[in-house]
**Student:** 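To start, I am sharing the structure in question, which I have written as structure tokens.
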There are 2 protein chains.
Amino acid sequence: MTGKESVTNKPTGQTLGEYLANVRTSKQLSLREVEEAAGGIVSNAYLSQLEHGRINKPSPNILHSLAQVYGVPYETLMEKAGYIAAATPDQTASRRHGRVATFAKDNLTKEEEEALLEYLAFLRSKKGKRSL
Amino acid sequence: MTGKESVTNKPTGQTLGEYLANVRTSKQLSLREVEEAAGGIVSNAYLSQLEHGRINKPSPNILHSLAQVYGVPYETLMEKAGYIAAATPDQTASRRHGRVATFAKDNLTKEEEEALLEYLAFLRSKKGKRSL
DNA sequence: GCAGCTTGCTTGAGAAATTTAGCGGACAGC
DNA sequence: GCTGTCCGCTAAATTTCTCAAGCAAGCTGC
């Protein structure tokens, strides 16, 4: 499609539904077209409910899909859906981290690590299976 | 209800629930700890249902959150939840770099990862109890 | 004009997902 | 002993989401 982004939307007091409806009509897409463009992740029926405010908090993956299709920032939708509060333009992208990665690194003791390495070696030595 | 269902130690056939339970216990996290670490995106109650296979298709954002907290590849969870058709081991191995952070030394295949997690859980279960 | 077809949207029922509130058990401190 | 807190779990209530219609409007050819 022609990349015509003349969608002048100020994140003012628009609800999620209003906003979505606005963007869609601006781009002159039908509900069914959006459904298709989203790869079926949102049904046209569901979109309708969304635009009419019958659903308060669609799950983030739906919003993500719509953000893609509409070419609007994901954060905007997330904010309007009430997942992230307010959002001063400052903290849009980098919210809180730290905690998440903590577990990632590991809490293996040395013994455990050795045992696991050994076991892994064992696993690999007998690798002859072809399943899956 | 106390389904002792086949605890086949065949790592390949782990369900989403089994896998999640496995990872969590390996890391010695309680349900409520995970809830907290995920920023409240998954409730402890929900996690419990998840681990017991009472939920078929948790939404991708939940899975993503858990993947972050547990440090396991998102794709693995997505696949186990049935969103993407099972990838061949080869594809999975080379697909991305989020490999098991618990054991980042080696490049583990998905099967190996599962086997090791299971084994680790086994190791720790013998070793004694949690001292909090 | 009006049948038949298509396109855009809406609706309602029902199946899932997700949250809230609460249970009984284990364990520490008093 | 009690008391409080944490654990995993579950039943029930709420909400999201899907699916199968339905309605109105704009065609087309007759």
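Any value given below was found using the heavy atoms of this structure, including those in side chains, with hydrogens, waters and symmetry copies removed.
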**Student:** Which whole-number value in Å describes the distance from Gln28(A) CD to dT7(C) C1'?
**Tutor:** 15 Å
**Student:** With heavy-atom distances below 4.5 Å as the criterion, would you say the side chains of Glu79(A) and Glu75(A) are in contact?
**Tutor:** no
**Student:** Taking atom NZ of Lys57(B) and atom CG of Leu63(B), what is their separation to the nearest 0.5 Å?
**Tutor:** 10.0 Å
**Student:** Could you give the CZ-to-C1' distance, from Arg32(A) to dA25(D), as a whole number of Å?
**Tutor:** 13 Å
**Student:** Hey, is the main chain of Asn44(B) close enough, under 3.5 Å, to the side chain of Glu35(B) for a donor-acceptor pair?
**Tutor:** yes
**Student:** Name all stems that contain residues of DNA chain D, defined as runs of 3 or more consecutive Watson-Crick or G-U wobble pairs, both distances under 3.5 Å.
**Tutor:** C:1-23 with D:8-30, C:25-30 with D:1-6
**Student:** In whole Å, what is the span from the CD atom of Glu35(B) to the P atom of dA21(C)?
**Tutor:** 13 Å
**Student:** Taking only side-chain nitrogens and oxygens of Arg24(B), does any of them come within less than 4.0 Å of OP1 or OP2 of dC7(D)?
**Tutor:** no
**Student:** Calculate the interatomic distance between Leu31(A) atom CG and dT6(C) atom P; express it in whole Å.
**Tutor:** 20 Å
**Student:** Could you tell me how far apart Glu51(B) (CD) and dC7(D) (P) are, to the nearest whole angstrom?
**Tutor:** 14 Å
**Student:** Restricting to nitrogen or oxygen on both sides, can you table the protein-nucleotides 16-20 of chain D pairs closer than 3.5 Å?
**Tutor:**
unit_1	atom_1	unit_2	atom_2	d
dT16(D)	OP1	Asn56(A)	N	3.1
dT16(D)	OP1	Lys57(A)	N	2.4
dC17(D)	OP1	Ser59(A)	N	3.0
dC17(D)	OP1	Ser59(A)	OG	2.6
dC17(D)	OP2	Tyr46(A)	OH	2.0
dC17(D)	OP2	Ser59(A)	N	3.1
dC17(D)	O5'	Tyr46(A)	OH	3.1
dT18(D)	O4	Gln49(A)	NE2	3.1

**Student:** When rounded to the nearest 0.5 angstrom, what distance separates CD in Gln14(A) from NZ in Lys80(A)?
**Tutor:** 5.5 Å
**Student:** Can a donor-acceptor pair be found, under 3.5 Å and without considering hydrogens, that links the side chain of Thr25(B) to the backbone of Gln28(B)?
**Tutor:** no
**Student:** For Leu20(A) and dC9(C), what is the distance between atoms CG and C1' respectively, to the nearest whole Å?
**Tutor:** 16 Å
**Student:** Can you list everything that forms a side-chain contact (heavy atoms from CB on, under 4.5 Å) with Ala37(A)? Sequence neighbours excluded, please.
**Tutor:** Val69(A)
**Student:** Establish, yes or no, whether the cationic atom of Lys27(A) lies under 6.0 Å from the six-membered ring centre of Tyr70(A) and within 45° of the ring axis.
**Tutor:** no
**Student:** Please check: side-chain N/O of Ser26(B) versus main-chain N/O of Asn22(B), any donor-acceptor pairing under 3.5 Å?
**Tutor:** yes
